[in-house]
Chemist: 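Mind looking over this structure? Questions follow.
These numbers come from a predicted model, not from an experiment.
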Amino acid sequence: MRCMYCSCTESKVIDSRSADDDTTIRRRRECMGCGRRFTTYETIEIAPILVVKSDGNRQAFDVGKIKRGIIKSCEKRPVPLEKIDALVDEIAKRVYNSMEQEISSKAIGEMVMEGLKGLDEVAYVRYASVYRSFKDISSFMSELQKMMEKKEEK
């Protein structure tokens with residue numbers, strides 16, 4: 001690690017601590033050249049994952065985009081932000097653990113809908129109406145009937 005003050009490449013670690021929910025390590029270092037101290041952070045390098053859209057375009061996987069969509073579908077619903085964050089984290093873990101460099105937007109949408117179904121039924125229907133692009137009331141009613149049938153089976 002190069003010293004930010006004198007550019008010396010020799011330093012020693014004085015203190016190491018976990019930071020950001022154990023995803024980052026904070027290290028306090030001392031330069032062997034000038035003796036000044038500085039802080040560095042070590043994180044896991046995440047391989048980029050591309051999302052393949054329905055039109056074939058590719059874009060970088062963005063967890064923030066998933067969270068914004070879920071928050072929008074849960075608007076004015078009694079869903080705590082902790083549960084939304086937990087769902088977003090679960091989806092992100094599933095995407096990264098798939099060990100694939102590309103994932104379809106459809107697969108991500110299905111993961112979101114599966115999570116919302118257990119979280120809040122109204123939020124699920126809101127998300128599904130945008131995700132599945134309901135064209136008319138009959139397609140909307142068809143989705144609601146499926147939900148009701150599954151609920152009656154339980």
Chemist: Other than Met1, what residues sit in its cluster of Ile, Leu, Val, Met, Phe, Trp and Tyr side chains whose heavy atoms are under 4.5 Å apart, directly or through others?
Modeler: Met4, Tyr5, Phe38
Chemist: Tell me, with the steps shown, if Ile49 and Tyr96 meet side-chain contact (heavy atoms from CB on, under 4.5 Å).
Modeler: CA-CA 8 Å; Ile49 294 178; Tyr96 287 118; 3.2 Å; yes
Chemist: Atom CD in Glu10, atom SG in Cys34: separation rounded to 0.5 Å?
Modeler: 12.5 Å
Chemist: Just how far is it from atom NZ of Lys83 to atom CD of Glu90, taken to the nearest 0.5 Å?
Modeler: 14.5 Å
Chemist: Rounded at 0.5 Å granularity, tell me how far OG in Ser98 sits from CD1 in Ile103.
Modeler: 5.0 Å
Chemist: Less than 4.5 Å apart, side chain to side chain, heavy atoms only: is that true for Thr39 and Arg26?
Modeler: yes
Chemist: With a sphere of 6.0 Å drawn around CD1 of Ile44, does it hold more than 12 non-hydrogen atoms of other residues, nucleotides or ligands?
Modeler: no
Chemist: Check the pair Ile66, Met111 against side-chain contact (heavy atoms from CB on, under 4.5 Å), reporting the backbone distance first and the verdict last.
Modeler: CA-CA 10 Å; Ile66 293 170; Met111 287 183 215; over 6 Å; no
Chemist: I'd like to know whether Arg68 forms a salt bridge (Lys or Arg N to Asp or Glu O under 4.0 Å) with Asp62, so could you lay out the CA-CA distance, the side-chain angles of the two residues, the decisive distance to 0.1 Å, and finally the verdict.
Modeler: CA-CA 10 Å; Arg68 285 188 298 276; Asp62 182 6; 3.5 Å; yes
Chemist: Compare all side-chain heavy atoms of Lys106 with those of Val52 and state whether any distance is below 4.5 angstrom.
Modeler: no
Chemist: Give a yes or no on whether a salt bridge exists between Arg37 and Asp15, defined as a side-chain N under 4.0 angstrom from a carboxylate O.
Modeler: no
Chemist: Restricting to non-hydrogen atoms, name the atom on Leu87 and the atom on Gly115 that form the minimum distance, rounded to 0.1 Å.
Modeler: CD1-CA, 3.5 Å
Chemist: Which heavy atom of Val51 sits nearest to which heavy atom of Phe61, and what is that distance?
Modeler: CG2-CA, 3.7 Å
Chemist: Taking all heavy atoms of Gly33 and all of Cys8, pick out the closest pair and write down the distance.
Modeler: N-SG, 3.9 Å
Chemist: Between Val63 and Ile91, is there a shared hydrophobic cluster once you connect ILVMFWY residues whose side-chain heavy atoms come closer than 4.5 Å?
Modeler: yes
Chemist: Look up atom OG in Ser18 and atom CD in Glu42, then write down how far apart they are to the nearest 0.5 Å.
Modeler: 11.0 Å
Chemist: For side-chain contact (heavy atoms from CB on, under 4.5 Å), just list the numbers for Thr43 and Thr23, CA-CA rounded to whole Å, side-chain angles, deciding distance to a tenth of an Å, and then say yes or no.
Modeler: CA-CA 6 Å; Thr43 60; Thr23 59; over 6 Å; no
Chemist: Could you measure the distance from the NZ atom of Lys53 to the OG atom of Ser104? Nearest 0.5 Å is fine.
Modeler: 10.5 Å
Chemist: Grab the two heavy atoms, one from Ala123 and one from Leu116, that are nearest each other, plus how far apart they are.
Modeler: O-CD1, 3.9 Å
Chemist: Hey, quick one: are Val79 and Leu81 part of the same hydrophobic cluster, counting side-chain heavy atoms closer than 4.5 Å, chains of contacts allowed?
Modeler: yes
Chemist: On a heavy-atom basis, which atom in Ser16 and which in Val13 lie closest, and how many Å separate them?
Modeler: OG-CG1, 3.6 Å
Chemist: Looking at NZ of Lys65 and CD1 of Ile108, how far apart are the two atoms once the value is rounded to the nearest 0.5 Å?
Modeler: 9.5 Å
Chemist: Do we see a donor-acceptor contact under 3.5 Å between the side chains of Arg2 and Thr9?
Modeler: no
Chemist: Specify the closest pair of heavy atoms between Pro80 and Pro78, including all atoms of both residues, with the distance to one decimal.
Modeler: CD-O, 3.6 Å
